K.L.:
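Sharing a structure with you now.
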There are 2 protein chains.
Amino acid sequence: MVNSLYRENELLKITRKVEYALIALRHMQAKDPKGLTSAKEIAIHYRIPKQLLAKILQQMSRDNIVEAVQGPAGGYRIRANLGEISLKDFFERLEGPLGMMDCFFESDCIQINACNIRVPIQRINDNMREMFSKMTLMEVTQ
Amino acid sequence: MVNSLYRENELLKITRKVEYALIALRHMQAKDPKGLTSAKEIAIHYRIPKQLLAKILQQMSRDNIVEAVQGPAGGYRIRANLGEISLKDFFERLEGPLGMMDCFFESDCIQINACNIRVPIQRINDNMREMFSKMTLMEVTQ
DNA sequence: AATAAATACGATTAAAATTGTCGTATTTAA
DNA sequence: TTAAATACGACAATTTTAATCGTATTTATT
Ligand code: FES
Ligand code: FES
């Protein structure tokens, strides 16, 4: 990590992207799991920038977490079984690999051999991943 | 978080600051737990910007994790019992409160009442904090 | 006493990452 | 045909992180 030009992952990169995604999923689930909800409705209700939220829903649509219906009266509905998606998978789909430092995913660190904390950090990462593997999206959205 | 003007905490904010701190601690511990090590030595060995590393060591000195000795032939040595400092405490001392989203530490979110994911996120945070409470600095540096 | 090598630290700049917006295309119900 | 919704790449603004600068202080050595 010391010499990577940019970093892709911190220990766990939870950003508004994930936050907005969770808010949207929970809203859809609480409201009407089978009916459609527009990005606009959620954006207004939670004061989230609409275009940004739409993009996130679109990404979840590509990931088959939600289903999109176009046209007026269109919107999104939950497609996946949220109890079967671990938070680890969810975070990784939205944000990329979960882990503390670049060097475990990007191997362009020029001092990867000199580094003295690779192994211990690896252990922390394993713990983190294990923890989020045990929790499902359902636990957050229900 | 939606409406905070800036964010202080992500789920876990592990940055180069923490990385450099861990590298330095481990180096000191492996080399000579009682002798002094200069910031320069560590900076050169791991190719870390010297001034930046020095600042981090200075902060750890204020936090009584290391002890600083000034003057030529000065440097730092580990002061605390690393087995008694949890990673949670360590991360929080260096980076501030550990937690997923601002709203639990900063209460200036204007939609804190409308928000539908506060409680579940709180649960995730608790899990995270618990996990890092159980690990000590020693486990990373030895 | 002078020097040099180290820590101490606030201020500033540079770089990177995140967040948000714009413009345009496509779909489809009314 | 129109309007309201999704789709999405490109761009701009903001925020955060990383690094540097400048100066002061301490102290071993000469
Ligand atoms: S700095 Fe690259 S492996 Fe640790
Ligand atoms: S958006 Fe502020 S509490 Fe959730």
Side-chain angles (χ1 to χ4, degrees), chain A residues 1-21 24 28 35-44 46-63 66-77 79 94-96 101-102 106, chain B residues 1-21 23-24 35-44 46-63 66-77 79 94-96 101-102 106:
Chain A
M1 36 283 199
V2 172
N3 298 104
S4 302
L5 293 180
Y6 62 97
R7 42 191 316 116
E8 262 187 354
N9 310 289
E10 299 187 357
L11 175 43
L12 189 56
K13 187 171 68 177
I14 293 297
T15 58
R16 293 198 187 178
K17 193 171 169 185
V18 164
E19 177 184 352
Y20 295 158
M28 287 189 277
L36 289 171
T37 309
S38 71
K40 186 181 178 187
E41 173 185 324
I42 299 172
I44 289 175
Y46 298 97
R47 308 193 200 188
I48 295 171
K50 185 180 117 183
Q51 299 253 49
L52 184 53
L53 176 63
K55 279 191 155 183
I56 294 165
L57 283 160
Q58 283 154 28
Q59 183 176 350
M60 286 200 286
S61 169
R62 287 192 295 272
D63 285 338
V66 301
E67 181 188 352
V69 174
Q70 286 196 326
Y76 303 88
R77 72 164 63 88
R79 180 196 200 108
L94 288 181
E95 305 269 28
M101 297 177 196
D102 296 334
E106 305 279 328
Chain B
M1 35 284 197
V2 173
N3 298 104
S4 302
L5 294 180
Y6 62 98
R7 44 194 310 117
E8 262 189 352
N9 310 290
E10 299 187 356
L11 172 46
L12 188 57
K13 189 172 68 176
I14 292 296
T15 57
R16 293 197 188 179
K17 192 171 168 183
V18 164
E19 177 184 352
Y20 295 159
I23 289 175
L36 289 171
T37 309
S38 70
K40 187 181 178 188
E41 173 184 326
I42 299 173
I44 289 175
Y46 298 97
R47 307 192 201 190
I48 297 171
K50 187 181 116 182
Q51 298 255 49
L52 183 54
L53 176 63
K55 278 193 154 181
I56 294 165
L57 284 161
Q58 283 154 27
Q59 183 176 349
M60 287 200 284
S61 168
R62 288 191 295 271
D63 286 337
V66 300
E67 180 190 353
V69 174
Q70 286 196 325
Y76 303 89
R77 71 164 63 88
R79 180 197 199 106
L94 287 181
E95 304 270 28
M101 295 176 196
D102 296 333
E106 305 279 329

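If you're wondering where the values come from, they're calculated on a predicted model, not measured in any experiment. Protein chains get the first letters and strands the later ones, always in sequence-line order, with residue 1 at the start of each.
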K.L.:
Output the distance between atom CD (E67(B)) and atom CG (L57(B)), rounded to the nearest 0.5 Å.
P.N.:
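Going from the CD atom of E67(B) to the CG atom of L57(B) covers 13.0 Å.
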K.L.:
Return whichever of K50(A) or V69(A) has its heavy-atom-nearest nucleotide of DNA chain C closer to the 5' end.
P.N.:
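Final value for this comparison: K50(A).
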K.L.:
Are OP1 or OP2 of dG20(C) and a side-chain N or O of R16(A) less than 4.0 angstrom apart?
P.N.:
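True: R16(A) side-chain N/O within range (under 4.0 Å) of dG20(C) OP1/OP2.
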K.L.:
Do the non-hydrogen side-chain atoms of V69(B) and R77(B) ever get within less than 4.5 Å of each other?
P.N.:
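The answer is yes, as the side chains (C-beta and beyond) meet within the 4.5 Å cut-off.
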K.L.:
Please report, rounded to the nearest Å, how far the P atom of dA6(C) is from the CD atom of E67(B).
P.N.:
18 Å
K.L.:
Below 4.0 angstrom from OP1 or OP2 of dA5(C), is there any side-chain N or O of S38(B)?
P.N.:
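So the side-chain polar atoms of S38(B) never come under 4.0 Å of the phosphate oxygens OP1 or OP2 of dA5(C).
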K.L.:
Considering residues at least two apart in sequence or located in another chain, which fulfil the side chain to side chain donor-acceptor pair (under 3.5 Å) criterion with E41(A)?
P.N.:
H27(A), K31(A)
K.L.:
Confirm from the modelled atom types if Q70(B) and dT26(D) form a donor-acceptor pair under 3.5 Å, side chain to base only.
P.N.:
no
K.L.:
Can you measure from OH (Y76(B)) to CG (L53(B)) and round to the nearest 0.5 angstrom?
P.N.:
8.0 Å
K.L.:
May I ask you to verify if any side-chain N or O of R62(B) is less than 4.0 angstrom from the OP1 or OP2 atom of dC9(C)?
P.N.:
yes
K.L.:
What residues from residues 51-60 of chain A pass a heavy-atom cutoff of under 4.0 Å to DNA chain C?
P.N.:
Q51(A), L52(A), K55(A)
K.L.:
What is the distance from atom CD1 of I42(B) to atom OG1 of T37(B), rounded to the nearest 0.5 Å?
P.N.:
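Separation between the atoms: 5.5 Å.
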K.L.:
Could you check whether any side-chain heavy atom of M60(B) comes within less than 4.5 Å of a side-chain heavy atom of L94(B), counting everything from C-beta outward?
P.N.:
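They are in contact (side-chain heavy atoms under 4.5 Å apart), so the answer is yes.
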K.L.:
Whole angstroms only, please: what is the CD-C1' distance between E95(B) and dA18(D)?
P.N.:
12 Å
K.L.:
Between A68(A) and P72(A), just flag the one whose closest nucleotide in DNA chain D comes earlier from the 5' side.
P.N.:
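The answer here is P72(A).
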K.L.:
Below the 4.0 Å mark, does dA19(D) have OP1 or OP2 next to a side-chain nitrogen or oxygen of Y20(B)?
P.N.:
yes
K.L.:
When you check the phosphate oxygens OP1 and OP2 of dA8(C), does a side-chain N or O of Y76(B) lie under 4.0 Å from one of them?
P.N.:
yes
K.L.:
What is the distance, to the nearest angstrom, from the CE atom on M28(A) to the P atom on dT6(D)?
P.N.:
11 Å
K.L.:
So which nucleotide from dA18(D), dG20(C), dA5(D) ends up closest to the side chain of T15(B)?
P.N.:
dA18(D)
